[in-house]
Amino acid sequence: MAIMMAVMLCAPNFMGISALSAQQQSNQKKITGTVKDEQGVPMPGVNIKVIGTKQVGITDVDGKYSISLPIDKSLLEFTFIGYDSQSISLQEKSILNVLLVPSDKGLNEVVVIGYGTRKAKDLTGNISSVSARDFEKAPVTNAEALIANKISGVQVLPSSGKPGAGSSFMIQGGASLAVDGAGTNDPLIVIDGLPIEGWNNGPGMLSQLNPNDIENFTVLKDASASAIYGSRASNGVILITTKKGNKGKMKIDFTSNLRLSTLRDKTPVLTADEYRALSTEMGSKMKIAPGTANTDWQNEIFQNAFAHDYNLSVSGSIKSLPYRVSGAYTNQDGILRTGNYERATASINLNPTFLKDQLKINVNLKGSYENERKADDKAIWAAFAFDPTQPVHVDDQTYGGYYQYTQFASNPALTNINPVSMLEQVDDRNKTYRSLGNIQADYSFFFLPDLHLNVNAGYDISTSTSSYKTPATYFAQTLSGGNMYTGNPSKTSGNKIFESYLSYSKELPSIVSKFDVTAGYSYNDFLTTNYNYSSYSANGTLIASSVPTYEFDKPSHSIVSFYGRLNYTLNDKYLLTGTIRDDASSRFADKHRWGIFPSMALAWKIKEESFLKNSEVISDLKLRMGYGVTGQQDGLANYYPIKRYTTSKLSNQYTMGNTTYTTVFPQVYNPDLKWEETATANIGLDYGFFEHRITGSINLYQKTTKDLLNSVTIPYGYSFSPVMLRNIGSMENKGIEFNIKAIAIQSQDISWDLSFNATYNENKITKLSLIDDNSIGLFSDKTLVNTIGYARNTYYLYHQVYDVNGKPIEDQMLDVNGDGLTNAKDRYVSGKSSIPKYLLGFNTNFQYKKWSVGASFHANIGHYIYYMPQENTVALTGWTTSQNLNTSYYKSQFHNTDQYEGYSDYYLQNASFLKMDNAYLGYDFGKIIRGNSMSLKMNVSVQNIFTITKFTGFDPETNSGSQNAYPIPRVFAFGLNLNF
Amino acid sequence: MIFNKYIIKSKLWLSLALIAGFSACTDDLVKTPTNDLTAEIQFKTVDGYKQSMASIYSNMIYSKFLRSYWGMQEYTTDEAVSTWNDDGGNAVFHQLAWSADAPCIDSVYAGTLKTITYCNNYINESTNAKITSRGFSDSETTQIKQYTAEVRYLRAYCFWVLMDLYGNPPFPTPDDLGFSSPKQIQRADLFTFIETELKDIEPQLASPRTNEWGRPDKAAAWALLSRMYLNGKVYTGTDYYTQAITYCKNIINAGYSLESHYKWLMLGDNNKNTNEFIFTFNYNNTNETWNGTNFFALGAAGVPASINGLSGSWNNFRMTEQIPALFPTADTTVDKRAQFYTTGQNLKVANVTVSTDGYSAFKYRNVDRRDSSILQNNSFNNLSDIDFPVFRLAEIYLTYAEAVLRGGAGGDAATALSYINKLRGRAYANNPASTLGNITASNLTLDFILDEKAREMYWEAQRRTDLVRYNRLTTADYLWAWKGNALAGKAVDSKYNLFPIPTSDLLANPNLHQTNY
């Protein structure tokens with residue numbers, strides 16, 4: 001009995017076929033064969049479909065299949081994700097062996113799209129896909145780095161060089177205004193069907209994913225593709241699929257990397273001798289007399305940092321249950337001393353199928369443990385500004401032996417703190433346990449196999465512990481005698497998702513059509529609990545002013561959606577897709593809560609037309625047109641439409657007479673807040689030449705965002721804060737995107753490919769709904785304005801006046817209207833913003849026998865950054881202590897308290913750049929032990945090799961003017977991959 | 001086979017259940033914050049109204065307001081120079097050279113308008129309709145009306161600050177809140193509004209000297225009116241000296257009297273000065289701020305811990321040589337108000353940013369009347385208990401005298417002289433009745449009163465308003481060290497009698513217009 005059960009489970013087809021064959025033997029034929037991959041390895045789990053029937057099959061552990069089909073049918077289709085599908089006509093054969101080739105942007109590749117999959121050739125939207133094969137070549141530790149530069153219109157922005165920090169993505173210029181509280185430019189990220197929200201406090205969520213676990217990245221760029229995700233899709237959607245188990249024999253993969261990170265450039269500040277010379281000039285006006293030391297503070301705080309990581313994955317199947325289990329460990333020091341990040345992850349993928357493949361289940365479970373010691377990045381600016389003539393250490397141990405401005409012991413907040421003490425005396429740690437997972441079940445109804453029910457239930461939970469400790473000798477906290485804070489737990493989160501959809505597909509050969517329709521529902525709930533605790537001084541005494549008013553807070557929001565999609569194909573040449581989604585978010589008041597997001601796309605597979613079908617020159621030509629509406633509600637505050645009164649800290653009470661009152665204040669709110677909606681229209685052409693030796697696409701798009709959300713300055717007296725989040729108007733992004741990939745050489749021993757992508761994007765505010773006619777626009781901060789006809793957040797500045805030698809005349813601005821006054825009427829809308837006009841990327845890979853080498857570059861052109869270094873001698877004479885200057889002082893020679901320089905265009909710089917991101921050299925040892933399948937690969941790579949730019953600030957890509965920005969290091973890496 | 005049938009059947013039920021179970025969890029879409037309150041909860045009880053009223057006072061008093069306001073009133077005059085150029089570059093105050101872009105002019109503007117906004121919100125919550133709908137009894141309603149009157153008082157005070165410093169500020173009304181950009185109001189109209197408002201709330205305010213410490217009463221309203229009337233010509237072009245005298249008399253007749261020792265005025269236990277103080281901003285060392293009276297005690301250059309009762313000086317502000325010259329000696333041997341700290345300090349200010357240039361003073365000290373340090377009930381060790389007297393009787397005496405000399409009716413020169421001599425009796429002998437410091441009727445001139453006010457009230461955020469009234473802030477009639485950024489002082493454009501509306505609000509509020517800046 002047990003054996004019979006086992007046989008039933010393992011070879012369902014066998015049972016099914018014998019059940020049928022008894023009845024229909026006379027008009028059925030049986031075909032058998034083996035499916036192997038390009039290396040001759042048998043492939044289990046390959047799906048086989050008899051075109052024109054409901055008959056399906058699957059290859060077994062040895063790659064063998066056996067399928068019955070009606071005599072009049074002869075077309076079999078073999079599919080497997082990541083490989084080009086094959087449609088083969090049987091002719092007279094009864095044994096059909098098939099070779100499947102991994103798809104390399106192949107058109108038969110099956111691509112994951114929202115709530116389903118499609119073959120690449122049947123896509124109607126602007127979708128790009130990158131799979132594991134494309135990124136196995138260069139070892140990386142971050143999942144985001146995998147798609148860097150490979151997809152046009154996608155900018156990967158490294159957010160900082162902090163160990164474990166994630167990057168953020170921006171697709172096609174960003175549809176909305178990402179200013180505090182006003183949403184984000186981050187696309188929605190969906191991992192194995194589970195949409196993930198950003199993780200506010202810790203490193204980027206994608207950095208917690210092991211890059212070796214990723215099978216495929218698909219980017220849905222236009223609204224027709226992403227509208228199915230409705231209210232969260234305005235910035236595009238990235239779908240990530242992780243590797244699944246396989247029904248073959250067990251495979252083990254081990255990768256190890258060793259990395260060295262180094263600081264690329266220091267910020268040029270005065271040396272100790274230059275500082276001494278300048279202080280002699282300042283004479284008695286110096287606040288603090290210079291010392292005799294020669295300290296390079298940046299050398300004191302930065303270091304060369306090592307990182308190592310290991311990754312082991314095992315995939316195979318137990319009985320007929322395919323599994324993939326992986327574990328990884330990474331430990332990374334930061335280039336800012338004392339910072340360290342450690343992470344261990346594990347993941348399990350189980351992909352069983354039941355009931356003759358009518359029920360397919362994917363169980364994806366991931367867990368991670370992160371342990372971080374944070375180095376205070378305010379030490380970076382402190383190092384630029386600290387007096388270089390003072391020593392790092394002194395003999396006096398009162399403050400731990402660090403040089404400090406002890407004359408301000410009664411209020412250290414008035415001075416600079418020794419940057420080395422900020423790193424060494426502060427122990428700031430965070431530990432997070434996180435698990436996310438989902439079960440996806442796909443059931444095809446036994447009475448109607450074309451009807452599928454797909455259910456996805458998922459969770460994302462985490463718990464964090466944080467601690468912060470400084471000793472009583474830490475000067476910055478000498479008033480409270482040091483500080484000890486333990487948050488156990490500091491934060492927990494529990495997010496859940498439940499989605500379910502029905503899909504039905506049908507072929508109607510009589511009208512050479514096929515269609516499929518999907519309808520479904522999604523519910524997403526997010527709950528975070530933040531805990532507050534008191535702080536204690538280093539000797540354990542309670543710091544009374546730190547007692548929290550409330551022990552915890554539970555911000556929460558949820559999203560409920562209904563969606564549907566229809567795909568219709570005529571004659572395999574003309575494709576139509578329509579989707580609609582109705583979303584509701586708890587972040588908006590009832591009257592603005594629901595939004596409808598429709599889309600439609602058409603595609604014409606020109607290549608299938610008779611005049612091109614047999615062309616040898618053109619191997620692919622598809623014209624796509626689409627229109628869709630998507631929304632934005634990510635990154636917003638949870639309760640903004642509600643008028644709330646918040647109780648202040650217990651240390652902020654007020655006494656009247658003999659009674660003390662805790663204080664309560666109303667918060668700024670906006671009951672009219674609504675969805676931001678972006679309508680995108682695009683037209684694109686996918687092309688391929690010479691049997692896909694050259695492939696690529698061209699896309700033109702126009703995105704119009706209405707009810708644009710932004711945090712803008714409001715008049716004093718209007719509400720309880722000078723800024724408010726509002727729907728301010730409309731914005732337009734127009735552009736053209738081009739990409740091309742050429743396989744220059746493809747032979748037995750040599751291959752060489754090059755790919756290039758370019759996007760031109762123009763961003764413009766087209767309508768502002770809350771202003772007067774004679775108003776300039778709506779301000780995001782003191783120099784950035786949103787004004788009609790210009791890009792969002794355009795700089796609004798004075799024209800600096802220069803002398804005959806080109807040196808700026810301090811605090812003198814052009815009196816544009818000649819009225820003898822310098823005021824806002826003399827400022828001009830510069831038309832310059834921090835959004836690049838051109839995004840370019842290039843990469844190339846060359847392989848000769850066992851050697852491979854490659855490089856990638858990218859360039860952003862046409863963006864500006866406002867960079868104002870400390871270059872005024874007021875820093876030495878006018879404040880509480882004396883501070884160091886940037887060497888740009890020698891150019892400007894500013895000495896006075898300036899009123900206008902903070903708004904001068906002298907500090908606005910073109911930050912266009914060309915960057916060489918990465919170069920690698922790899923060697924494939926192949927099989928290293930005779931008779932064993934173990935193979936070894938090795939590579940070395942360098943990241944962030946050089947940047948060519950005129951920008952004089954820290955980094956033209958991430959800067960945005962911030963001088964505390966953690967610098968992105970240059971990384972040298974050595975990696976080994978063992979496979980058996 | 002039974003097994004198959006079982007699986008099939010359960011799958012069928014399961015799939016039907018799933019299809020049917022598309023539960024629209026739409027109730028979950030209504031989310032409320034965990035810890036915050038709504039207006040209905042906050043204003044359900046009389047205590048809730050009182051707490052909100054105290055909160056509005058607390059917000060202003062523990063914000064940057066007092067320190068920044070003091071800076072605008074003192075650094076612009078002969079009474080103070082700043083070592084640090086803080087608050088966004090306040091060196092321009094002493095130079096009398098600011099622009100609408102200067103960050104340092106924004107704090108007081110933003111702070112008073114924020115308080116006014118909170119007051120408008122409170123007024124909206126205490127309309128007759130709201131009170132009735134919340135079901136309060138008659139006695140509760142009377143209490144709420146009194147709290148509302150006290151909130152309206154603070155709003156009137158903030159509008160006075162705006163009128164005095166900025167001239168034609170925005171005028172947010174309770175109806176504007178959340179709906180429309182405030183309109184701009186002209187100075188004379190604002191004067192009329194404040195005057196009407198104070199007279200309107202007067203009946204609902206407590207009788208003088210009966211309310212809790214820190215809460216305004218009728219005398220506080222009279223004091224603000226008397227100050228406004230004294231400066232009425234600056235605000236409106238018309239004299240109001242008679243009205244000034246009327247309200248001074250109201251206060252004096254309410255039973256206020258001078259404290260015996262001048263040095264007790266600005267100590268940590270100055271909540272004992274119930275005879276002389278009319279309205280105070282209260283500070284307690286359990287609450288953290290670096291912008292309250294501790295700034296006055298710590299900022300005075302040079303003053304050591306043994307004197308100021310805190311942990312030693314921050315060495316920030318000092319005075320020009322013009323102030324010590326107003327006293328008979330630069331120490332307390334003759335006039336005890338000359339509380340100069342001179343050790344290590346030069347009389348002359350050769351350099352504005354050198355903290356040893358210019359005498360300092362130990363007027364503000366966080367000690368008690370026996371000179372003992374007050375125990376710090378916090379982990380910072382530098383918070384103060386010194387309450388700030390917004391109005392005190394000494395100012396009323398000086399206002400009375402000046403208004404009489406300027407021709408106001410209802411008072412007489414002899415009474416004025418007696419009041420001045422009370423101030424001087426206290427100053428010379430710790431006894432207002434003493435004749436040790438007496439002056440004669442012929443000494444009592446307008447110039448004398450201006451000087452006497454400096455002697456009595458230096459570093460109490462009064463000086464700029466007085467110099468403007470005498471037309472000496474910007475003109476060559478009175479020069480002091482580094483006025484107009486010249487060592488000997490020089491005159492500046494008369495536009496500097498007023499501060500401009502900050503550029504950021506000009507750009508945000510299309511109803512505002514600016515002249516001269």
Side-chain angles (χ1 to χ4, degrees), chain A residues 284-285 355 410-411 443 446 453 455 479-480 500 521 523 525 543 545 550 553-554 556-558 560 584 586 593 639 643-646 651-657 661 663-666 713-720 772 774-776 779 782 821-824 877-880 897 899-900 903, chain B residues 8 15 18 22 25-26 28-29 31 33-37 39 42 51-52 54-55 57-58 62 84-85 89 91-92 99-102 110 113 116-117 121 170 172 176 178 181-182 212-215 282 284 287-288 311-312 351 353-354 378-382 503-510 517:
Chain A
S284 62
K285 295 207 222 133
L355 305 178
S410 66
N411 192 359
Y443 174 65
F446 65 94
L453 171 68
V455 173
L479 291 181
S480 57
S500 177
Y521 159 85
Y523 165 72
D525 187 78
I543 298 177
S545 61
Y550 296 107
D553 187 29
K554 286 180 184 268
S556 167
H557 71 279
S558 66
V560 169
S586 66
R593 186 164 285 154
Y639 308 107
K643 181 172 177 185
R644 317 164 343 245
Y645 286 78
T646 305
S651 63
N652 279 348
Q653 300 176 313
Y654 193 63
T655 308
M656 280 178 152
Y661 301 88
T663 53
V664 192
F665 298 104
T713 332
I714 49 173
Y716 286 123
Y718 184 89
S719 184
F720 307 113
D772 219 63
N774 47 357
S775 200
I776 303 285
F779 286 81
K782 60 174 200 167
L821 299 168
T822 305
N823 58 26
T877 62
W879 300 336
T880 53
T897 306
Q899 303 196 56
Y900 308 113
Y903 307 90
Chain B
I8 289 166
S15 46
L18 284 167
F22 280 173
C25 306
T26 47
D28 219 32
L29 288 171
K31 298 231 184 238
T34 322
N35 295 323
D36 293 336
L37 309 161
Q42 178 60 31
Q51 181 192 30
S52 283
S55 302
Y57 275 80
S58 173
Y62 280 94
W84 293 343
N85 193 28
V92 291
S99 71
D101 284 331
L113 284 165
I116 291 169
T117 310
N121 182 56
D176 280 328
S181 301
E212 287 180 309
W213 190 246
R215 289 172 61 186
N282 294 348
N284 270 15
N287 299 325
E288 182 189 351
S311 41
N351 253 313
T353 55
V354 172
N378 59 75
S379 52
F380 304 104
N381 293 322
N382 276 303
T503 304
S504 59
D505 206 33
L506 263 185
L507 292 172
N509 187 343
Y517 279 106

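Per chain, numbering begins at 1; letters A, B, ... match sequence-line order.
Interface remark: of the candidates A/Phe720, A/Tyr903, A/Tyr716, A/Tyr716 forms the most heavy-atom pairs closer than 4.5 Å to chain B. For chain A, the option among B/Val354, B/Leu506, B/Ile116, B/Thr353 with the highest count of heavy-atom pairs below 4.5 Å is B/Thr353. Heavy-atom pairs under 4.5 Å with chain B peak, among A/Ser719, A/Ala824, A/Ser480, A/Gly657, at A/Gly657.
Note that CG of A/Asp553 and CG of B/Asn35 are 5.0 Å apart. Values are rounded to the nearest 0.5 Å. Atom-to-atom distance recorded for A/Ile714:CD1 and B/Asp505:CG is 10.0 Å, nearest 0.5 angstrom.
Remark: the backbone N or O of A/Tyr900 is not paired with any side-chain donor or acceptor of B/Asp101 at under 3.5 angstrom.
Looking at B/Thr503, the atoms closer than 4.5 Å to chain A (heavy atoms on both sides) all sit in the side chain, from C-beta outward. Contact annotation for B/Gln51: both backbone and side-chain heavy atoms come within less than 4.5 Å of a heavy atom of chain A. In this structure, chain B has heavy atoms under 4.5 Å from both the backbone and the side chain of A/Tyr718. Residue contact with chain B, scored on non-hydrogen atoms closer than 4.5 Å, is absent for A/Lys782. In this structure, the portions of B/Ala110 lying under 4.5 Å from any heavy atom of chain A include both its backbone and its side chain. Residue A/Leu821 touches chain B through its side chain alone, counting heavy-atom pairs closer than 4.5 Å. Of the two parts of B/Asn284, only the side chain, counted from C-beta on, holds a non-hydrogen atom closer than 4.5 Å to a non-hydrogen atom of chain A. Heavy-atom distances place the backbone of B/Tyr517, and not its side chain, under 4.5 Å from chain A. Contact annotation for A/Tyr661: only side-chain heavy atoms (C-beta onward) come within less than 4.5 Å of a heavy atom of chain B.
The aromatic rings of B/Tyr62 and A/Tyr654 sit perpendicular, their planes meeting at an angle over 60°, well past the 30° parallel limit.
Every residue was checked against the salt bridge (charged side-chain N to carboxylate O under 4.0 Å, His left out) condition with B/Asp176, not counting sequence neighbours, and none meets it. The salt bridge (charged side-chain N to carboxylate O under 4.0 Å, His left out) test applied to A/Lys285 returns no partner, not counting sequence neighbours.
Within the 4.5 Å cutoff, the side chain of A/Tyr550 has no heavy atoms near those of the B/Thr34 side chain. Contact of the A/Phe779 side chain with the B/Leu507 side chain is registered, since non-hydrogen atoms from C-beta on lie closer than 4.5 Å.
Contact detail for B/Ala102 and A/Gln899: the closest heavy-atom pair is CB-OE1, 3.1 Å.
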Please step through side-chain contact (heavy atoms from CB on, under 4.5 Å) for the pair B/Asn351 and A/Ser284, ending with a clear verdict.
-> CA-CA 9 Å; B/Asn351 253 313; A/Ser284 62; 3.7 Å; yes
